[in-house]
Novice: 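Okay, here's the structure, questions in a sec.
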Amino acid sequence: MTTLKNDLLLRALKGEKVQRPPVWMMRQAGRYLPDYIKLRKKYDFFTRVQTPELACEITLQPIDQVGVDAAIIFSDILVIPQAMGMEVLMEEGRGPLLPKTISTQQDIDALHIDDIEDRLSYVTKALSLTKQELNGRVPLIGFAGAPWTLLCYMVEGKGSKSFDKAKQFCFTTPAFAHSLLQKITDATIHYLIAQVKAGADVIQVFDSWSGMLSPADFKIFALPYLTQIADAVSPHAPVILFPKGSWYALPDLCNTSASGLGIDWSITPQMAREFTNNSITLQGNFDPSRLLAPISEIKKSVREMIDAFGVDRYIANLGHGILPNVPVDHARAFVDAVKEYEPAPNYTTV
Ligand code: CP3
């Protein structure tokens, strides 16, 4: 096994002292990079995802071109519903579409989870290939969608401003909802452990729509499943949970087996530290739209962000995915600002 030349991410997740925080960007592999856009003209979305050589090439682009401290495998959260037997269409510029949605227990029973690793072997192949190509330059992140976020797509069939159809399903037929969430959880655990065996050094779970849930409903429909995943996967690799919009859940989530929690820009670093008792690594929380500001402004806000989080137990990142209209030199300025960071002269660690 190659040893990592840059292990900042792993050290930050262990809570070890670092010279500066590691930096990567959610959705860094993709749509704002000119070389990705060229590939998009040649191959459709799922061809890019299912061809290990293409997925590997796309994964490496931000390492070479933006200089981030971690690679995240190019794939999508919707490969799980697809592998469970649902049709998933990705319309360029319009987002995902699942024509036949889940509404009955029969629909749930028809989903298969037994051979999930085989059905997703293109992801594990892409991970092994990427691991080899990285040659220890930076750690490799594997990922999956959280059960609640996947339920949203599987029941709603597409993106939504309110996900009311998904919520109606949960509130009117909670037993079906829990059987679906459990089935997704079981599949996800197998899938994520297979990702670690194939070379992923860290796992992130994206709960992109958890903020749609009230704090009480989060405890019912999201937390138990995130906890199961963190418990099952963390003996294999450190787990980062990203419950977008659910700052209220930080006190519960810091008591799971996760090593890191991702936060968005709806909470200050100070509040997040307080809610988590200073006991866990935090990741975030730069407003992705701020990357559209002038470069000097980006660099200033990044310094302020690190001052607020502190250097240790911190992973610099955006508070959600990078936007397609961000100029590459602005993304690079974000990364450079973290790499150039020096604590203020009066800075003392507590
Ligand atoms: O982080 C990375 O760079 C790895 C690649 C990655 C993709 N999707 C590639 C992709 C990751 C981590 C995802 C996760 C994902 N997919 C999430 C969770 C993260 C988040 O943003 O909340 C969600 C909700 C999805 C579902 C999904 N896939 C949507 C809503 C869309 C369309 C809108 C969009 O974001 O562009 C996709 C398509 C998709 N997945 C694209 C990429 C690069 C865009 C299609 C393209 O550029 O060809």
Side-chain angles (χ1 to χ4, degrees), residues 8-15 18 20-28 68-70 72 77 141 143-149 202-215 217-219 222-223 225-227 229-230 234 238-291 298 301-323 334-335 337-338 341 350:
L8 278 174
L9 177 71
L10 298 171
R11 289 173 49 205
L13 284 167
K14 282 190 207 142
V18 285
R20 62 156 179 96
V23 55
W24 67 282
M25 291 178 295
M26 288 188 275
R27 308 294 296 270
Q28 66 187 20
V68 281
D69 293 311
I72 177 161
I77 62 168
I141 304 172
F143 72 91
W148 158 254
T149 288
V202 171
I203 292 294
Q204 172 150 322
V205 182
F206 286 89
D207 214 346
S208 305
W209 306 121
S210 67
M212 295 277 171
L213 293 167
S214 71
D217 288 327
F218 182 94
K219 280 194 202 278
L223 182 62
Y225 304 99
L226 287 171
T227 304
I229 294 173
S234 60
V239 174
I240 303 171
L241 300 175
F242 173 55
K244 166 94 182 30
S246 297
W247 53 267
Y248 54 77
L250 292 174
D252 282 333
L253 291 169
C254 75
N255 289 322
T256 64
S257 345
S259 299
L261 298 177
I263 56 172
D264 63 70
W265 58 102
S266 64
I267 178 169
T268 63
Q270 292 85 349
M271 285 161 79
R273 287 289 186 210
E274 236 173 83
F275 286 6
T276 55
N277 258 327
N278 254 320
S279 67
I280 195 164
T281 298
L282 294 175
Q283 170 176 282
N285 70 341
F286 203 78
D287 176 353
S289 302
R290 266 202 172 269
L291 289 186
I298 296 174
S301 323
V302 168
R303 284 193 295 272
E304 288 167 359
M305 175 174 78
I306 305 174
D307 284 341
F309 276 103
V311 170
D312 293 329
R313 284 189 182 274
Y314 175 51
I315 301 162
N317 204 321
L318 308 175
H320 200 189
I322 188 167
L323 298 165
F334 174 80
V335 170
V338 180
Y341 180 80
V350 273

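For reference, positions follow the sequence shown, starting with 1.
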Novice: Check Gln270 against Ala308 and note the closest heavy-atom contact, atom names and distance.
Specialist: NE2-CB, 3.7 Å

Novice: Taking the side chain as C-beta and beyond, is there a heavy-atom pair between Val311 and Tyr341 under 4.5 Å?
Specialist: yes

Novice: Can you name the residues that form a side-chain hydrogen bond (donor to acceptor under 3.5 Å, both in side chains) with Asp69, not counting sequence neighbours?
Specialist: Asn6, Arg20

Novice: Check whether any side-chain heavy atom of Ile315 lies under 4.5 Å from a side-chain heavy atom of Pro22, and answer yes or no.
Specialist: yes

Novice: Say you draw a straight line from CH2 of Trp247 to CG of Leu253; how long is it, rounded to the nearest 0.5 Å?
Specialist: 13.0 Å

Novice: With sequence neighbours left out, write down each residue that passes side-chain contact (heavy atoms from CB on, under 4.5 Å) with Asp217, or none if nothing qualifies.
Specialist: Phe171, Leu213, Ser214, Ile220, Phe221

Novice: One pair to check against side-chain contact (heavy atoms from CB on, under 4.5 Å): Phe286 and Ile298. What are the steps and the verdict?
Specialist: CA-CA 10 Å; Phe286 203 78; Ile298 296 174; 4.3 Å; yes

Novice: Should His320 and Asp264 count as side-chain neighbours, where that means a heavy-atom distance under 4.5 Å?
Specialist: no

Novice: For Tyr248 versus Pro215, what's the shortest heavy-atom pair and its separation?
Specialist: CE1-CA, 3.4 Å

Novice: Work out which heavy atom in Ile229 is nearest to a heavy atom in Pro147; give both atom names and the distance.
Specialist: CD1-CD, 3.6 Å

Novice: Look at the side chain of Ser246 and the backbone N and O of Ser210, then say whether any donor-acceptor pair between them is shorter than 3.5 Å.
Specialist: yes

Novice: Once you round to the nearest 0.5 Å, how far does CD1 of Ile306 lie from OG of Ser301?
Specialist: 11.0 Å

Novice: List for me each residue that meets side-chain hydrogen bond (donor to acceptor under 3.5 Å, both in side chains) alongside Asp207, sequence neighbours excluded, and say none if there are none.
Specialist: Thr149

Novice: Considering the options Thr281, Asn255, Leu261, which one meets the side-chain contact (heavy atoms from CB on, under 4.5 Å) requirement together with Thr276?
Specialist: Leu261

Novice: Measuring from Met26:CE to Gln28:CD, what's the distance to the nearest 0.5 Å?
Specialist: 10.5 Å

Novice: Treating Asn317 as the side-chain partner and Gly284 as the backbone partner, does any N or O pair qualify as donor plus acceptor under 3.5 Å?
Specialist: no

Novice: Quick one, Trp265 and Met305 - any side-chain contact, counting heavy atoms below 4.5 Å?
Specialist: no

Novice: With rounding to the nearest 0.5 Å, note down the distance linking OG in Ser259 to CD1 in Ile203.
Specialist: 11.5 Å

Novice: Partners of Phe143 by ring-ring contact (aromatic ring centres under 6.0 Å, His included), sequence neighbours excluded?
Specialist: Phe206

Novice: Could you walk me through whether Trp148 and Tyr225 pass the side-chain contact (heavy atoms from CB on, under 4.5 Å) test, one step at a time?
Specialist: CA-CA 8 Å; Trp148 158 254; Tyr225 304 99; over 6 Å; no

Novice: Kindly write out the residues that satisfy side-chain contact (heavy atoms from CB on, under 4.5 Å) with Ala70, not counting sequence neighbours, or none if the list is empty.
Specialist: Leu9, Trp24, Ile141

Novice: Would you say Gln204 and Phe242 make side-chain contact, with heavy atoms under 4.5 Å?
Specialist: yes

Novice: Under 3.5 Å, is there a donor-acceptor pair between the side chain of Asp287 and the main chain of Gly319?
Specialist: no

Novice: Which residues pass the side-chain hydrogen bond (donor to acceptor under 3.5 Å, both in side chains) test with Thr268, not counting sequence neighbours?
Specialist: none

Novice: For a 4.5 angstrom cut-off between non-hydrogen side-chain atoms, does Leu318 reach Phe334?
Specialist: yes

Novice: For Lys219, give me all partners under side-chain hydrogen bond (donor to acceptor under 3.5 Å, both in side chains), at least two apart in sequence or on another chain.
Specialist: Asp252

Novice: Search all heavy atoms of Pro21 against all heavy atoms of Val338 and return the closest pair with its distance.
Specialist: O-CG1, 3.4 Å

Novice: Can you list everything that forms a salt bridge (charged side-chain N to carboxylate O under 4.0 Å, His left out) with Glu304? Sequence neighbours excluded, please.
Specialist: Lys300

Novice: Begin with the C-alpha distance, continue with both residues' side-chain angles, and end with the deciding distance and a verdict on side-chain contact (heavy atoms from CB on, under 4.5 Å) for Val239 and Leu13.
Specialist: CA-CA 9 Å; Val239 174; Leu13 284 167; over 6 Å; no

Novice: Would Lys244 and Trp209 count as a side-chain contact (heavy atoms from CB on, under 4.5 Å) if you check the C-alpha gap in whole Å, the side-chain angles of each, and the deciding distance to 0.1 Å?
Specialist: CA-CA 6 Å; Lys244 166 94 182 30; Trp209 306 121; over 6 Å; no

Novice: Identify, with sequence neighbours excluded, every residue that meets side-chain contact (heavy atoms from CB on, under 4.5 Å) alongside Ala272.
Specialist: Leu250, Ile263, Ile267, Leu282

